[in-house]
Amino acid sequence: MLIIAIGLAFIGIKVLLKPNGEMSSIHIHDSQAMKDRGIHCVMDQDKEDRERAARVSKKLHKKQ
């Protein structure tokens, strides 16, 4: 319990010292380093793959 309390205290101090009291985002799509490496959120990758598959499917149906 003591370790958890200390951890929460450190998090509280961090929030108090940050401008506007906000914590930085830990999501992949918000990280510039991940964007620079071309790494995306799995949800975004799935959406891109579905859109790409739909375009290919339309092209195949047009040819038939």
Side-chain angles (χ1 to χ4, degrees):
M1 293 295 283
L2 181 62
I3 294 171
I4 293 172
I6 292 171
L8 288 174
F10 282 131
I11 290 172
I13 291 170
K14 183 177 179 178
V15 170
L16 288 175
L17 296 178
K18 284 284 200 177
N20 299 329
E22 295 179 1
M23 301 273 295
S24 60
S25 175
I26 59 171
H27 294 282
I28 290 174
H29 66 268
D30 292 332
S31 171
Q32 187 60 43
M34 293 294 181
K35 288 178 185 177
D36 293 343
R37 292 182 179 106
I39 299 172
H40 304 283
C41 172
V42 70
M43 298 299 284
D44 293 338
Q45 287 178 342
D46 183 55
K47 181 181 175 183
E48 291 169 2
D49 288 342
R50 288 176 188 265
E51 289 171 353
R52 187 177 306 116
R55 288 192 306 267
V56 169
S57 179
K58 282 183 181 181
K59 287 182 180 180
L60 289 175
H61 289 313
K62 283 183 180 180
K63 288 182 180 181
Q64 293 176 353

* Asked: Tracing side-chain links under 4.5 Å among I, L, V, M, F, W and Y, which residues wind up in one group with Met1?
  ->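 Taking Ile, Leu, Val, Met, Phe, Trp and Tyr as members, Met1 stands alone, with no cluster partners.
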* Asked: To which residues is Met43 joined in a hydrophobic cluster, defined by side-chain heavy-atom contacts under 4.5 Å among Ile, Leu, Val, Met, Phe, Trp and Tyr, whether direct or through other members?
  ->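 When side chains under 4.5 Å apart are linked, the cluster holding Met43 also contains Val42.
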* Quick one: side chain to side chain contact (heavy atoms under 4.5 Å, CB included) partners of Ile6, sequence neighbours excluded? ->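 Checked Ile6 against side chain to side chain contact (heavy atoms under 4.5 Å, CB included); matches are Leu2, Phe10.
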* Which atom names give the shortest non-hydrogen contact between Ile28 and Met34, and what distance separates them? ->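 Minimum heavy-atom separation between Ile28 and Met34: O-CB, 3.9 Å.
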* Asked: Got a sec, which pairs hit salt bridge (charged side-chain N to carboxylate O under 4.0 Å, His left out) with one end in residues 25-46, sequence neighbours left out?
  ->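 For residues 25-46, and leaving out neighbouring residues, the salt bridge (charged side-chain N to carboxylate O under 4.0 Å, His left out) pairs sorted by first residue read Asp46-Arg50.
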* To do: Would you please name every residue forming a side-chain hydrogen bond (donor to acceptor under 3.5 Å, both in side chains) with Arg52, sequence neighbours left out?
  =>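 With neighbours one apart ignored, the set is Asp49.
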